[in-house]
Amino acid sequence: MVNGQRQGSGQGVQRDVGPHAGSQKDPHVLYMFEALDSMQQAAQGHYSFEALMQQLKSTSFGSFMGDGNATTNWRPGQAAAKKGWKAKHPVVIVPGFVTSGLELWAGQKCAQSYFRSRMWGTMGMMQAYIFDKECWFRHMSLDPTTGLDPEGIKVRASQGLESIDYFMQGYWVWSKILESLGDIGYDSNSLVALAFDWRMAVPLMEVRDGYFSRLRSTVEWLHLHHGEKVVLMSHSYGENIARAFYTWAETNEPGWVEEHLEATVNIAGTALGIPKAVTAVLSDCREYESKMCHLS
């Protein structure tokens with residue numbers, strides 16, 4: 001399913017798709033904050049919700065991502081199916097932080113009504129942010145000392161393909177790829193997504209959630225069940241997580257990557273890091289509604 005050039009023993013096959021644009025501004029994230037700003041202004045009475053809805057309708061994510069509501073007579077997966085392409089290697093997706101949805105499992109009194117609702121992603125995030133911004137920030141923050149859960153608060157990564165296909169209504173990220181893979185024969189038995197809690201330091205993902213262990217077990221099961229090596233697809237920050245996983249897997253079991261992975265697909269991975277984040281760290285820029293913060 002994936003072509004590329006072998007990078008050497010233990011590295012599988014890697015293909016870079018899209019720019020390594022770690023230092024470039026992400027228009028999707030900027031639009032999200034603009035939408036949050038507009039919704040908060042409406043909640044504060046600066047203008048009506050009717051005016052807000054008109055604004056959201058006139059400013060579409062489609063300008064960045066394609067019109068998620070549009071119908072088309074051409075789908076890449078259907079075109080591939082007509083050429084005889086069929087599902088072969090099972091696929092595991094490690095998404096970026098935007099589509100790694102986070103949901104609330106335990107929280108303070110102000111967030112009790114959001115049990116298992118998204119604190120990151122979907123319109124549920126919008127609602128939580130608008131009506132009690134400080135409560136939302138407290139629940140999205142980690143303990144500054146341990147880097148883990150604050151006392152009494154438990155936010156975890158959403159699970160399943162539904163956690164990555166849309167960030168919110170009209171803003172698709174993985175849905176078109178999932179659709180095309182479905183067109184050539186993939187289903188939930190051969191296509192798996194493993195979202196992660198992107199707020200944590202990478203080593204703590206294994207400490208608290210056993211993320212690398214679950215990822216390894218998933219790849220091994222798919223390989224055993226289908227009799228084919230696995231293709232691991234990563235997007236944006238997910239590429240950093242995937243590389244950390246390869247190192248972890250090889251440290252624990254040398255040769256594991258070559259044995260179980262057919263290829264890796266790097267979609268716009270931030271392989272060189274995200275230097276613009278340094279500005280936020282140095283300036284203590286926590287007020288996301290400030291344009292200077294997320295544009296710096």
Side-chain angles (χ1 to χ4, degrees), residues 1-2 14-21 26-29 31-32 35 60-72 74-81 85 87-103 118-125 156-198 205 211 214-215 218-219 222 230-243 245 261-271:
M1 188 191 78
V2 179
Q14 180 170 344
R15 163 171 287 186
D16 291 346
V17 180
H20 289 247
D26 187 339
H28 317 129
V29 175
Y31 180 86
M32 178 194 72
S60 172
F61 284 111
S63 61
F64 299 128
M65 304 298 293
D67 188 352
N69 296 319
T71 58
T72 177
W74 184 82
R75 280 164 47 169
Q78 290 180 342
W85 290 28
K88 183 180 181 182
H89 297 285
V91 173
V92 173
I93 295 174
V94 178
F97 84 88
V98 170
T99 46
S100 282
L102 302 177
E103 59 188 28
R118 291 281 190 91
M119 299 300 285
W120 180 259
T122 76
M123 295 303 290
M125 177 190 73
R156 296 291 183 266
S158 303
Q159 300 300 310
L161 295 173
E162 62 274 13
S163 68
I164 69 165
D165 49 1
Y166 285 85
F167 175 63
M168 62 182 64
Q169 184 179 6
Y171 179 177
W172 58 268
V173 180
W174 284 98
S175 66
K176 300 299 182 181
I177 293 179
L178 300 181
E179 181 181 73
S180 290
L181 290 174
D183 286 337
I184 62 173
Y186 283 91
D187 57 30
S188 57
N189 289 326
S190 54
L191 177 60
V192 178
L194 284 177
F196 53 89
D197 189 340
W198 46 266
M205 294 180 184
Y211 181 79
R214 289 192 292 120
L215 182 53
T218 299
V219 170
L222 288 170
V230 174
V231 172
L232 194 148
M233 301 177 67
S234 60
H235 171 234
S236 189
Y237 180 55
E239 190 272 339
N240 299 65
I241 305 303
R243 280 191 292 115
F245 167 69
L261 294 183
E262 174 66 21
T264 66
V265 181
N266 171 7
I267 305 175
T270 54

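None of the values given here were measured: they were computed from a predicted structure.
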- Heavy-atom closest contact (A195 atom, Q159 atom, distance): O-NE2, 4.3 Å
- Query: Going from CZ on R156 to CG on L102, what distance comes out if it is rounded to the nearest 0.5 angstrom?
  - Reply: 10.0 Å
- Item | Atom of E103, atom of S158 and distance for their closest heavy-atom approach | OE1-OG, 3.3 Å
- Query: Are L215 and V92 close enough that some pair of their side-chain heavy atoms sits under 4.5 Å apart?
  - Reply: yes
- Task: State which residues pass side-chain hydrogen bond (donor to acceptor under 3.5 Å, both in side chains) with T218; sequence neighbours excluded, sorted by chain then number.
- Result: none
- Message: Tell me whether Q78 contacts the main-chain N or O of P76 through its side chain, where contact means a donor paired with an acceptor under 3.5 Å.
- Response: no
- For the atom pair CZ (R243) and CG (N266), what is the distance rounded to the nearest 0.5 Å? 8.0 Å
- For the student: nearest non-hydrogen atoms of A80 and I184, plus distance: CB-CG2, 4.0 Å
- Query: Can you find a side-chain donor-acceptor pair between T270 and N240 that sits under 3.5 Å?
  - Reply: yes
- Task: Quick one: closest heavy-atom pair of I164 and A193, and the distance?
- Result: CD1-CB, 3.5 Å
- Any chance you could measure F97, atom CZ, to D197, atom CG, to the nearest 0.5 Å? 12.5 Å
- Looking only at heavy atoms, what is the nearest atom pair of S180 and G77, with distance? OG-N, 3.3 Å
- Task: Let me see the working for I93 and V192 under side-chain contact (heavy atoms from CB on, under 4.5 Å), right down to the final yes or no.
- Result: CA-CA 6 Å; I93 295 174; V192 178; over 6 Å; no
- If you round to the nearest 0.5 Å, how far is CZ of F196 from OH of Y211? 6.0 Å
- For S190 and L222 the tightest heavy-atom approach is CA-CD2, 4.4 Å
- Would you give the length of the straight line joining atom CD1 of I241 to atom CG of L194, rounded to the nearest 0.5 angstrom? 12.0 Å
- By salt bridge (charged side-chain N to carboxylate O under 4.0 Å, His left out), which residues pair with D183, not counting sequence neighbours? R75
- Could you tell me whether the side chain of L178 reaches within less than 4.5 Å of the side chain of Y186, counting heavy atoms only? no
- So V94 and M233, side-chain contact (heavy atoms from CB on, under 4.5 Å) or not? Walk me through it. CA-CA 6 Å; V94 178; M233 301 177 67; over 6 Å; no
- Are W174 and I267 close enough, and set up right, to give a side-chain contact (heavy atoms from CB on, under 4.5 Å), and what steps lead you there? CA-CA 11 Å; W174 284 98; I267 305 175; 3.9 Å; yes
- Judged by atom type as modelled, is there a donor-acceptor pair below 3.5 Å linking the side chain of S236 to the main-chain atoms of G96? no
- Message: For a side-chain contact (heavy atoms from CB on, under 4.5 Å) check, start with the C-alpha distance between R214 and M205, then their side-chain angles and the critical distance, and finish with the verdict.
- Response: CA-CA 11 Å; R214 289 192 292 120; M205 294 180 184; over 6 Å; no
